[in-house]
Amino acid sequence: MSTDPFDAALDLLRRLNPKDTAVNVTRLCDLVPSLTEDLLESVDVPLAVKRDRKTGREFLCCDYNRDGDSWRSPWSNEFEPPLEDGETDSVMPSEKVRKMEIKANEAFDVYRELYFEGGISSVYFWDIDDGFAGCVLLKKSVSPSAKSSGSWDSIHVFEAQDRARRAHYKLTSTVILNLGSSSDNLGGMDLSGNMVRQVEQDMPVEDDSSHVANVGKLVEDMEGKMRNLLQEVYFGKAKDVVGDLRSIAPLSERNRDQAAHREMISGMSK
Amino acid sequence: MSSSANALAAFVEAAPPGELSNVTSAIKTLANESALKTLEPAYKKYNEDQLTTVKLPGASQSVLVSEHNSLDGDRYYDVESSSSFAFDHATQKASDTQSYVLESSHSDTVKSILKALKTHTDEHFQTSTLGVFPTASDSKIAILIVANKYSPNNFWNGRWRSKYIYDPSSNSLTGSIAVDVHYYEDGNVRLITNKDVTASASSSAADVVKGIAAAERKYQEELNRGFTGLSEGAFKGLRRQLPVTRQKMEWEKVSSYRVGQDIGGAGRR
C-alpha cells in the first residue's frame, strides 16, 4: 500500500475513468495543492489546440511550451496569446536547438500526413546538460458517422544525450485513445483510455540532422507498436472480458463442445 | 458539502469494478479524517448502484445490495435465504444475519421468477448473483443480475449489470444493461456501456425470464458489432498502420516528400 501522496494520486488516476483524468487532476490539486506541479508535469491529458496568429497554423499545447497562460508556437516561435510584457520567463531553446526544432517540425509534418492523413503535429525542443530534450505531439479526431467518434493524442517525451559520434535516447510515449459509439440498438458505448511505454536506445549521430531522423525513427517505431497494442487491448482484451462475464452460447452447450473437442484430441493421440 | 468532500465522493462513486478498496486506500493517503467521515452516502450510493455482492457470515452463496432490498438503517434482505443482514458500506462486509420473511402480495411471483431466472443465468454467466424484490410500493417487481470477474493479477476487472422492473398489471418489462471493464497494465483503459431495454412478457415467470434472455442476447450481439464498428471505423480513421506506400518514412529524405504533394495542407486549414 502506498503512503506517498504523489504515488496515491497516480494510483487513483490509473483506476478512475480515463476520460475524466483532466477533471480528476484538478480535484487532486485542490485537495493536495502541494502536488499540483508534479501532477501537471507527469499526467498526460488530451492536447489543447491554439492558432498561431502570425502563420494562421494550428499548434498543440503542453507543459513544455507553456509560459503562464501562453503557449509557444513551433511555427513562428512566438507565444499565443502574446506575453504581456513581450518578454518570456521561459528558457527559449538555444539557436542551435531551435534550428533542429524547425527541422523536426517539418519532418513530423510529413510524418503526420503519411500516417494520420490529417490532424495536427507540434514538436518542441529544449537544451539540457550534455544534449537536448524534446516532445513530439500528434493529435487527430474523427467522426466517421453521426453515431461514432474517436480521438488520438500521442505525447512523446525524450532526452538525447550526446556521446562520441552517437547519442543515447530515452523516450517515454503516451497515447490517449478515446472511442465512442451510440445508437438506438447499441445504446451508449465508450471505449477510452491511455497506454504508456518507454524505450532507451543508442543511435549513431553525424550532425544535427541525424538527431531529427533518429528521433523520427524512434517515434515511428514506438507508435507502430503502440497502435498494435491498443488494438489488442481495446478490441481483443476488452471484448474477451465481456465474453467472460456473459456467454452468448449456453454454457452447457459450450462445455459439451469443449468436452467433445478434448475427446477428439485424446482420440487422435492414441 | 465542501469541495474536497465532493471530490472524494466523486472518486468513490467512480471506482472501477472490484477496486473500491484500492480507491479507498488512496483516498486515505490524500485526505484528512474529517473529509473521510463525509463519505458514507457516496459508499452507499456506489454499493446500491453497482449491486455489490457479499457473502453472508457462514454462507457460501453471494447476495447483492441494492435500493430495492434495503431495509431501515444499513440492513438489506435476501429472498432465497430468507434472511436480512447489516452491511458496512465502506468495507463491503456483512454481519448480524437474522431471519427475514418477505411480506408482499407478489411473494409467489417473486419466488418463481427467482427460480426461472437462476436457470437462465446459470446457462450464460459463469458466476452471477441475482435479486428479485417487490418495489417499495409493492406494485411492481425489480429483477437484478450482476456478474463480476476480477483478475487484478492480470490488471483487469469486469462487471455486467442488468436491472429490470416487471409490472404484473401491464405485463411490461423495462430496464437497462450496463457493462464496465477496466484494464490497467501500463495504462488505464475503460469500457463503459449502457443500454435501455424494454420487452413484453406475459404473466408467467418463465415468460418474464424469456423476455430478459432475448433482450440480453440481442444486446450482447449488438455490443460485439459495436467493437467491430469502432475497430473498422473510428480506430482505422485515426492512424494508419503504415503509409499508403506501405513503406516506413524515409527520415533522411524529408524534402523529397514535399515534391508534388500538398503535405501539411490539412494542418493549415
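Values reported hereafter were calculated over all heavy atoms of this structure, with side chains retained and with hydrogens, waters and symmetry mates removed. Within every chain, numbering begins at 1; the chains are lettered A, B, ... in the order of the sequence lines, protein sequences first and strands thereafter. Treat the numbers as computed from the prediction; the structure is a model and nothing was measured.
- Geometrically, B:Arg240 does not engage A:Tyr115 in a cation-pi contact, judged by NZ or CZ lying under 6.0 Å from the ring centre and within 45° of the ring axis.
- For the pair A:Tyr111 and B:Trp251, the minimum side-chain heavy-atom distance is below 4.5 Å.
- Contact detail for A:Pro144 and B:Gly233: the closest heavy-atom pair is CG-C, 4.1 Å.
- Using modelled atom types, no side-chain atom of A:Asn17 and backbone atom of B:Ala14 make a donor-acceptor pair closer than 3.5 Å.
- Aromatic ring pairs are classed by plane angle as parallel below 30°, tilted from 30° to 60° and perpendicular above 60°; the pair B:Phe235 and A:Trp152 is tilted.
- Side chain of A:Lys140 to main chain of B:Gly237: a donor-acceptor pair is present (N/O by atom type, distance under 3.5 Å, no hydrogens or angles).
- Residues A:Arg15 and B:Val23 come closest through the heavy atom pair CD-CG2, 4.4 Å.
- Scanning all heavy atoms of the two residues, the minimum distance from A:Asn228 to B:Gln241 falls at OD1-NE2, 2.8 Å.
- Between A:Leu28 and B:Leu30, the closest side-chain pair of non-hydrogen atoms falls below 4.5 Å.
- Heavy-atom distances place no part of A:Ser182 under 4.5 Å from chain B, backbone and side chain included.
- At distances below 3.5 Å, not a single donor-acceptor pair connects side-chain atoms of B:His124 with backbone N or O atoms of A:Leu251.
- Top candidate by heavy-atom pairs under 4.5 Å with chain A, chosen from B:Glu250, B:Lys28, B:Gln126, B:Glu185, is B:Gln126.
- In this structure, chain B has no heavy atom under 4.5 Å from any part of A:Leu229.
- A salt bridge between B:Glu216 and A:Arg246 is present, with a side-chain N of the basic residue lying under 4.0 Å from a carboxylate O of the acidic one.
- Interface remark: of the candidates A:Asp20, A:Ile248, A:Asn255, A:Ile248 forms the most heavy-atom pairs closer than 4.5 Å to chain B.
- Contact detail for A:Ala107 and B:Met249: the closest heavy-atom pair is O-CE, 3.3 Å.
- Residues A:Leu179 and B:Leu238 are in side-chain contact: their nearest non-hydrogen atoms beyond the backbone lie under 4.5 Å apart.
- Of the listed residues (A:Ile176, A:Thr21, A:Leu16, A:Thr174), the greatest number of heavy-atom pairs within a distance under 4.5 Å of chain B belongs to A:Leu16.
- At a threshold of 4.5 Å between non-hydrogen side-chain atoms, the residues A:Asp190 and B:Thr193 do not count as touching.
- Side-chain contact between B:His182 and A:Arg14 is absent, with no heavy-atom pair separated by less than 4.5 Å.
- The minimum heavy-atom distance linking B:Val189 with A:Met195 is given by the pair CG2-CG, 4.2 Å.
- Counting only heavy atoms from C-beta outward, the side chains of B:Phe11 and A:Leu31 approach each other to under 4.5 Å.
- Considering all non-hydrogen atoms of both residues, A:Val242 and B:Leu191 come closest at CG2-CD2, 3.7 Å.
- Only the side chain of A:Val233 comes within less than 4.5 Å of a heavy atom in chain B; its backbone stays farther off.
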